[in-house]
Each structure stands twice: as structure tokens, then as C-alpha cells.
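Proteins come first, then strands; the chains are lettered A, B, ... in the order of their sequence lines, and each starts at number 1. Here the structure is a predicted model, which means the values were calculated and not measured. Side-chain atoms are counted along with the backbone in the values below, which use heavy atoms only and exclude waters and symmetry mates.
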Amino acid sequence: MPNYTFQLNGETVTVDAPADLPLLWALRDKLGVTGPKYGCGIDVCKACTSHLDGAAINPCVTPTADVAGREVTTIEGLAGTWSDDPDELHPVQEAWLEQDVAQCGYCQPGQIMAAVALLRRTSNPTDADIDAIENVCRCGSYVRIREAIKAAAARM
Amino acid sequence: MSLGTPEHDTQEPVQHPSREHSRRQFLTYLVAAPTLAVAARIGADGLAPGTAQAVVPSLPAPAEVLDLGDALILAAAPTANLIVVTVDDAGRVGLALPRAEVGQGITTAVGMLLADELDVPLDQVDVTLADARPELVFNQLTGGSNTIRSVYGPVRAAAAQARARLLAAAAARWGTAPSVLTVSGGVVSGPGGRTATYAELSAAAADPGLAVVVATPKPPSAARLVGTPTNRVDARRMVTGQMDYTLDLDVVPGALPTMVRRPPSINGTVRSVQNLAAVKAMPGVVDVVTVATGVAVLAETFGQALAGKEALQVTWGPGTVDGESNATIQQKLRAATLPFAVPPLLTTTVDAEFDFAMVSHAPMETNSAIADVRRDRAEIWSGLKSPIVAQQTIAAELGLPQSAVTVHVTQGGGSFGRRLFFDAALEAARISKAAGKPVKLMWSRIDDMRHGRARAASFHRIRATVAAGQVLTFEHRVASGETDTRHGLGEILTSVAASLPVGGNLSFAQTIFLTTVHSPYQLGVTTHLLNEVPLQMHTGSWRSVYSANTRGAEEVLMDEIAAKLGKDPVAFRREFLKSDRFRAVLDKVATEGQWGRSLPRGTAQGIGFHAEYKSCTACLVEVDATDPRRPRVTRATIAADVGRPINPRGLESQLLGGLTDAIGTTFRAGLHIDAGLPLEGSYSQFHYTRQADSPRDARVFILPATGEPGGAGELGVPAAVGAVANAYARATGTKPRSFPIEFPVDFTPFPR
Ligand code: FES
Ligand code: FES
């Protein structure tokens, strides 16, 4: 099997995987990085949302080979993109805590990564921008997700 | 650990719950352990206070006398003494909760109860999920919105006694009376400025020789945290990716990612596998085994297990409902509907029929489990709401004694009723046994929707008779596909069914129906009858069980009765609601939601009300149906009275979740059964609510405490179903009769 080397949450990792193995399984099953969740495997639910070179991707449909030499950030590494202080969270994570968004929490790593990607594209997202986030929350935390994104935008 | 001598025993014979009796009775035990460990028991008669008071003088429905939550609480009462509060030598307060956390926030709420009772900060409390504990018998089932209702008494009793022991230990150390001591932040203070932490006192407090008076829990007026909006204790782990769901656990070295190829129709069987050797030779595939539910592929990664399962060529035997589709199921339900007693009279009756399609539970985390089955023992991890039944069934299946099977309850990624069953745990155990290897089993989303559990389809016929501005009769006949309750809920109900003021030989389903469904309105002679059609499909209770459909449909009809009487929907409900408590939540949403405000064409308000498990709620929404194919709830106002809110912030989440469920299932989310299988296999096909369907303006009002905690986990759905449907009806000028309202097959189904 080929080896692929990439940056993962600020560290260089090498994974031995078939080229077409979806990144989600390289992360979860080979590298033990379990923040990105499986919810569909076909780019619909967005529970796996992570970042590739700072933009949102869905690792369930991203071949591992595609990330070679690039920078992957999962929910575990998000705070590190904001601050070197290991106790400090990303402002979006802080907003999520303040608004008490999570219910079962399973969708929330993906929701947060999608929100961060949105705020990187537009610092002051409209309601329509937030509506365009397709991540499913089966617990129905959408109202608080919207509030948290707005609170984070104000804070950043 | 063994139970010690009772410190106090005021046990009296268990009394019938309908007898007026609100006094709590405690029996606490010191559990022999190196750290302080106190268990509490509370008399069954004290467990469901409010039961007697809820009786309405005129012909109460069964659910008003004894609701499902009461039944579960009564069934759990004999073993409530096995809920143990500990204080360790680091001063940390602990409790292993015999319930499942699936997002409802119970570990936070129970932590708040403990923190208040013991005077410690919330972050000094650890509430974990207990493994299956068969000695708890009926007291380890998460359902019927009963967690807070059932543990509120015992948890506080044990905590109060633990606090009394810590105070007694400090008093003994200082030679003073416990009554002069105070506690704050887990530190006991005494005369002369002396202080001692719980950490320093826990060992002495655990001394069986310590003289301790019996403590009773603090009065509600002493609450510090309870009743105050509090953020979730597990939220930080969730937002940093540190919360471990079943498949995130690294607990069994070498447990293999495993997926199952399932039949082309529900309950189909494996006849033969054509390309076993070829699939076994695929990259990463370690083993392929056949089990009762399909063919399992064990691999190095889930990606490879998935590729292997998809490559399998299997010859299948027929399933159990191959001839069924939504249309045939609807026909069967219509044919099974019991007749009305009152004949139709055009001038005075309001009649309606409603169809509700099947709905997947579709929790974000699909069915999953870890199983490590050995020759002489087995260990299982899964998000389980009925772990004892799971343990018993798996032990029987594996031919092992129950004591050789350990079942760990993991945090679940949503449930909505799904995790009352242990399908994944049982299947993982079978696969692990067949392959002789530990496995991590994950269902694909497609399988989770097609072969997972779902709310049964239902058909409703309702007839009301009106005359002279009054409602004289209200009859509701429900025909439903069978709702599977074989997770042991039935057993629980059996033990208390005799308490029901209804004779006859009720089926479990009818018992649940009768213990959950009742009308909150004075509608004259009111009858609810359920008939179930046995369809061998995978069903299960779905958040609010029968009430979402049954009460949702009734709320639609309430608007139509109001129209027939020429009354405003809110004024009509106000007039006919059974209590002032009910009217208070209705008034709250009418005021806060500005009932009757003028709205643009194509947009309208709708109202819904629901009462269950000693709680009540009203919901007012505005729906923009300018595009009737894509209606949207634009604004929502919810009010709830849950008797005593423990954590109003968590309660708001539950109510918003109920609203979100109602939006999805009323407008667009359902299952199309076709040739014995749901066509839906993805959230792109099963149209559950997304952000773009969710209101931009939503407010929740929690009314002040009026008594003991009621149930709240399922409360929000039925009122919101009514409100959403009614707003849509007014916005479009239609009478919704079939749910979901917009329900075409607007996708290409995945191959079977
Ligand atoms: S798991 Fe990646 S989008 Fe659903
Ligand atoms: S919090 Fe449970 S799915 Fe979003």
C-alpha cells in the first residue's frame, strides 16, 4: 500500500492506505482521530466536515491520496489554528459553549467546522448564508447554531 | 459493595398511587466502601406525587390518572435504593446513573441535583452512565420521559444523607454539634473558623460507627442551581471532538471495523453467498461471516468493510413484508379501524381522517456496537436505553450465563426512541462469535434508514359532535402498524397494569396508548381506541410514541371544530382546556407570539397545545407557504410548564428539538415503503429538517415551578405538529389530512 504524508492538526503524519480510501477512515481507523463523524459516507449529512488548507471538505468522499502534501484540520486541531495556548478554544467553539448548542453532540464537530469555514468566507454572515449550511442536526439544535454563528461573528 | 443496616426506616406498605399522599419517605443505606457511598430508597407512594392531584373529577382518561411515566416510576421504585451517591477522598461527588444519555442532558440535570443537595460546585460532580445492572430489574430503562421524574427523589435522598454523614464526621472531629456547621463549595465550616473539605472528611464519613441523624432533602426554596439555566457539563468534550461515542472508543485492541450486507427487503434471509473467496481477498478484508441479519464483512478500516459489503453477491430469501407498500399499509389500517359509536349528522358532526407515513428515527449516529465475545464471556459497548434486556438476550443468544456478559452503556448520538432496542449490540455479538474476533460494528446510513427502526404508519378517524356552542362527543379511532415494545417495557407495564382504572386484557401497546394519550380538553364524552395491525417490520416508539400523530391530528381537528362553532382557535382552546395551568401556557404563547397579528398573504399563524407526563406546552408558529411546496416555519413561540424545571436551558433544547421534529415530519420527512423496503436511504431523501427549514426567530418560555418535575423529553412534538399543520392550513386554505404534507418520491432510490 502507498504511503501518504500530510499535515494533520499541525503535525506531519504518514499513513499507509490505498489511494482511494476515503480520508475519513484513514483519520478514524488508521490515525485514531475520531472527531470527524460518519453519518452517511456520501457527502450529504456533513457530520464529517473538516478543513483542507483551511476550507471545508467532507473526508467521507475525499480520497486519502488527494490530501498528500496538504494541510488537514479536524475539530481536534481547530483551536490550534487560533491560538498556541492549549487551553484556549476557537471563538466558534466558545460561542458554541456559550449558546449551549450541543444536544447529543454527534453532529457538532461538523457543524463547528462548517461554521468556521463560513466565517472565513464572510466575516458577517447573513441569515441566508447560515441557511446554506446543510449539516444535519437530528437533535434539532439549529436555532442555537444560528445564534452561535452570529455571536462568533460578532466576537471575531 | 454490600448494603449496610438501614439508618432509618419509615417503610410502610406500598399504597395505591391514586391515594392522596405527597409525603416522601426515605430509607437510606450506608454502602460498605472505602469512600463514602450512600444509597437511598424512596417509598413508591412518594414517587409519583401529583398523581392524585391530576385527577379531573369528570371521567378522567387513564393517562390522567396513571401515565406511562408513573408506571415506569412505580415499576422502578422497589430498586430505587440501588442508586448510589459517592464522595471520594478527592472530594468528588459521583453517581453512576442507570439511564442512557442520548442528548437529553440528563447527566447535567442530575449533576445539578447533586451539586445543590451536597453544596458543591457542579464541576465537582461526575455523573457517569452505569453498565447493565440486572439487580435494578425495572429501573434501567430510559423512556417515557421518565428519567428526571424517577430519579429526582432517590438521588436527592441519597445526596442529603451523604451530606449529613460528612457533617457528622466534621462534628465528631471538632466535638461540636452538626447543627452549628455550614457547608459551601464542598467545604464544611465550624466554630472558631475551622474548616474541612469533603476530601478530608469522606473516609470518616464512611465509618459505619458514625452516629448520624436522618436527613431529608432540602426544600425547593433552597435551590441554588436547580431551576437556573445551566450549560451542559459535557459540552466542552463535544465541541472539541473529545466526546467518545461507541465507535470512537478504543477499548478492545484489534476490534475490527465491520459492516453488514443486508437483504433487499425487510427481514429477508441469506440463501447463499456467491463470491465469498473474492471478497475475502479484497484489500483490507479480514473475514466474512453470515449471521441471521445478513453477511458481515470484517476489515482493517470501515472504508474497506463498506467496499467489501458492497461487492458481495448474495442470493436472498424473501422478507416478511415483501408485498407491502405505503398504499397497502394504508388500506390495512383503514380496514382495521374500529367503528364510532355516534352516527354522522352533517349539521352537528365534524369528521376527519388522517394518514401518517412511517418515520425513521434516523439518529445521527447510526446503529453501532463493539462486541468482544470469547468462549466463556462477552463484553459489549453500545448506546443502550434498555441494557438489562440487551444483556439477557445476548447471554441467551451466546449460550452464556448472564453474569458472563458485561454490557457497557456508551453515550449515544441521538435516539428519539431508537436505542430502546439493541439491534446493533445483538448483531455485533453474533458476528464476534461467528468470526471468533472482536468487532466494531457500524450500520451504513442506508441500512439504518431501510432496516433500522421506524415509527409505525398510522391512520386516524376522528368525529366530534357539536351543538349549541358545545362539544358533546369526541371519538378518536387510531389504527397503527404494530409498534414493537419487546424491549421489556411490556414487562414493566405488566407489573403495574393492575393499577390502571381500566379492565380487560390490554395489550402492551394499548396500555402504552392509554397511559400516554388523553385529551386536554373538555369535549364531552371522549373515547380513544387503538387497533394495531401486526406487520412484521422494524418499528419502535418514536419520540412521544403515539402522541405526535394522535394528538397532532386532534389539534388540527380542534381548529376545524372552532371554525364550525365560529370561534377563534385560541379562544376556543382557552374555553375548553381542562385547567388553568393549561390555559397559562396557551396565554403565554398567544401574548408573546402576538396571536392574531397581521401577516402577508401566504403566511399564517397556527397554534397547538399538548399535555402529558404531568407537563403541558403550547406552541405558536408562523408558516410562510408562499411556495406551498416548500413551506417554512419562520417564527416560533413555545411555552411549557413542566412542574419543576431542573435545568431550563436543557428543557429549551428539548422543546426546540421537538419543534424541529414536528417541522420535518409534518412537511416533508417520511418513509415510502415499496415492495417491503423503505425507498429512503439518505437525509437527501428522508427530508428531515435542515437549517434552511428552521425558524430564524424562535423563543421558548419556561413557566415557574408549580410542583414536582414532570416529563419533558417528548413533550414538545405533538403541540408543534398541531401548530405547524394548522399554520399551513390557514396559510394555504387547505385541510391537511396526510402527513408529511409534501411527500413525493423526489429522488432515485439506491439499489437494494
Ligand atoms: S459522513 Fe461525510 S457527509 Fe455524511
Ligand atoms: S446535537 Fe445531536 S445531531 Fe446535532
### Message
Is Glu652(B) close to chain A through its backbone or its side chain, or both, or neither, when contacts mean heavy atoms under 4.5 Å?
### Response
both

## Note on the structure
Okay, Arg699(B) and chain A: the region with an atom under 4.5 Å from a heavy atom over there is neither

### Query
Any side-chain heavy-atom pair from Gln103(A) and Gln654(B) closer than 4.5 angstrom?
yes

### Message
Holding to side-chain contact (heavy atoms from CB on, under 4.5 Å), I want the full list of residues that pass it with Pro18(A), two or more places apart in sequence or in another chain.
### Response
Met1(A), Asp20(A), Leu21(A), Gln304(B)

### Message
For the interface with chain B, which of Gly32(A), Ala26(A), Ala17(A), Cys139(A) has the highest count of heavy-atom pairs at distances below 4.5 Å?
### Response
Cys139(A)

#### Entry: Option in Gln93(A), Gln108(A), Lys30(A), His90(A) with maximal non-hydrogen atom pairs under 4.5 Å from chain B
Gln93(A)

### Task
Start with the C-alpha distance between Arg146(A) and Arg696(B), add both sets of side-chain angles, then the distance that settles side chain to side chain contact (heavy atoms under 4.5 Å, CB included), and finish with yes or no.
CA-CA 8 Å; Arg146(A) 184 182 301 275; Arg696(B) 291 177 182 174; 3.6 Å; yes

### Query
Is there a side chain to side chain contact (heavy atoms under 4.5 Å, CB included) between Asn135(A) and Gln691(B) once you walk through the steps?
CA-CA 8 Å; Asn135(A) 295 51; Gln691(B) 184 64 268; over 6 Å; no

### Query
Where on Met442(B) is there a heavy atom nearer than 4.5 Å to chain A: the side chain, the backbone, both, or neither?
side chain

### Query
Checking heavy atoms, do the side chain of Phe750(B), its backbone, both or neither come under 4.5 Å from chain A?
side chain

### Query
Between Ala102(A) and chain B, which part of the residue has a heavy atom less than 4.5 Å away: side chain, backbone, both or neither?
both

#### Entry: Atom CG of Asp84(A): over 12 foreign heavy atoms under 6.0 Å
no

### Query
Sequence neighbours excluded, which residues qualify as salt bridge (Lys or Arg N to Asp or Glu O under 4.0 Å) partners of Glu714(B)?
none

### Query
Would a distance-only check, ignoring hydrogens and angles, find a side-chain to backbone donor-acceptor pair under 3.5 Å from Arg138(A) to Tyr688(B)?
no

### Message
Among Pro363(B), Gly413(B), Gly650(B), Ser653(B), which residue has the highest count of heavy-atom pairs closer than 4.5 Å to chain A?
### Response
Ser653(B)

#### Entry: For chain B, the option from Gly105(A), Pro22(A), Gly35(A) that forms the most heavy-atom pairs under 4.5 Å
Gly105(A)

#### Entry: Interatomic distance, Leu256(B) atom CG to Asp29(A) atom CG [nearest 0.5 angstrom]
10.5 Å

### Query
Salt-bridged, Asp131(A) to Arg690(B), with N to O below 4.0 Å?
no

### Task
Identify which of Asp248(B), Val239(B), Leu659(B), Ile446(B) forms the greatest number of heavy-atom pairs closer than 4.5 Å to chain A.
Asp248(B)

### Query
Which of residues 42-51 of chain A have a heavy atom under 4.5 Å from any heavy atom of chain B?
Ile42(A), Val44(A), Cys45(A), Ala47(A)

### Message
The criterion is side-chain contact (heavy atoms from CB on, under 4.5 Å); which residues satisfy it with Ala698(B), sequence neighbours excluded?
### Response
Val143(A), Ala636(B), Leu656(B), Pro695(B)

### Query
Is it the side chain or the backbone of Glu98(A) that comes within 4.5 Å of chain B heavy atoms, both, or neither?
backbone

### Message
Parallel, tilted or perpendicular: which one describes the rings of Phe302(B) and Trp25(A), with boundaries at 30° and 60°?
### Response
tilted

### Task
Please confirm whether the backbone N or O of Thr366(B) pairs with a side-chain atom of Tyr38(A), one donor and one acceptor, at under 3.5 Å?
no

### Task
Determine, stepwise, if the pair Thr240(B) / Leu89(A) fulfils side chain to side chain contact (heavy atoms under 4.5 Å, CB included).
CA-CA 8 Å; Thr240(B) 54; Leu89(A) 296 180; 3.6 Å; yes

#### Entry: Residue part contacting chain A, namely of Asp234(B), when any heavy atom lies under 4.5 Å
neither

### Message
Would you say that more than 12 heavy atoms from the other residues, nucleotides or ligands in this model lie under 6.0 Å from the CG of Asp697(B), or not?
### Response
yes

### Summary
Between the CE atom in Met238(B) and the CD1 atom in Ile112(A), the distance rounded to the nearest 0.5 Å is 11.0 Å

### Task
Output the option from Asp127(A), Leu78(A), Ile133(A) having the highest count of non-hydrogen pairs under 4.5 Å with chain B.
Asp127(A)

### Summary
Interface check, chain A: of Ser415(B), Gly241(B), Gly414(B), Gly303(B), most non-hydrogen pairs under 4.5 Å belong to Gly303(B)

### Message
Which atoms of Cys40(A) are under 4.5 Å from chain B, going by heavy atoms: the side chain, the backbone, both sets, or neither?
### Response
both

### Side-chain donor or acceptor of Tyr106(A) paired with backbone N/O of Tyr245(B) under 3.5 Å
no

### Message
If I measure from the heavy atoms of chain A, does Met364(B) come under 4.5 Å with its side chain, its backbone, both, or neither?
### Response
both

### Task
Check the surroundings of atom CZ in Arg630(B): do more than 12 heavy atoms from other residues, nucleotides or ligands lie under 6.0 Å from it?
no

### Under 4.5 Å from any heavy atom of chain B - which part of Ile130(A)
both

### Task
Using a 4.5 Å cut-off on heavy atoms from C-beta on, say whether the side chain of Gln242(B) contacts that of Glu76(A).
yes

#### Entry: Proximity breakdown for Asn231(B) and chain A, heavy-atom pairs closer than 4.5 Å
both

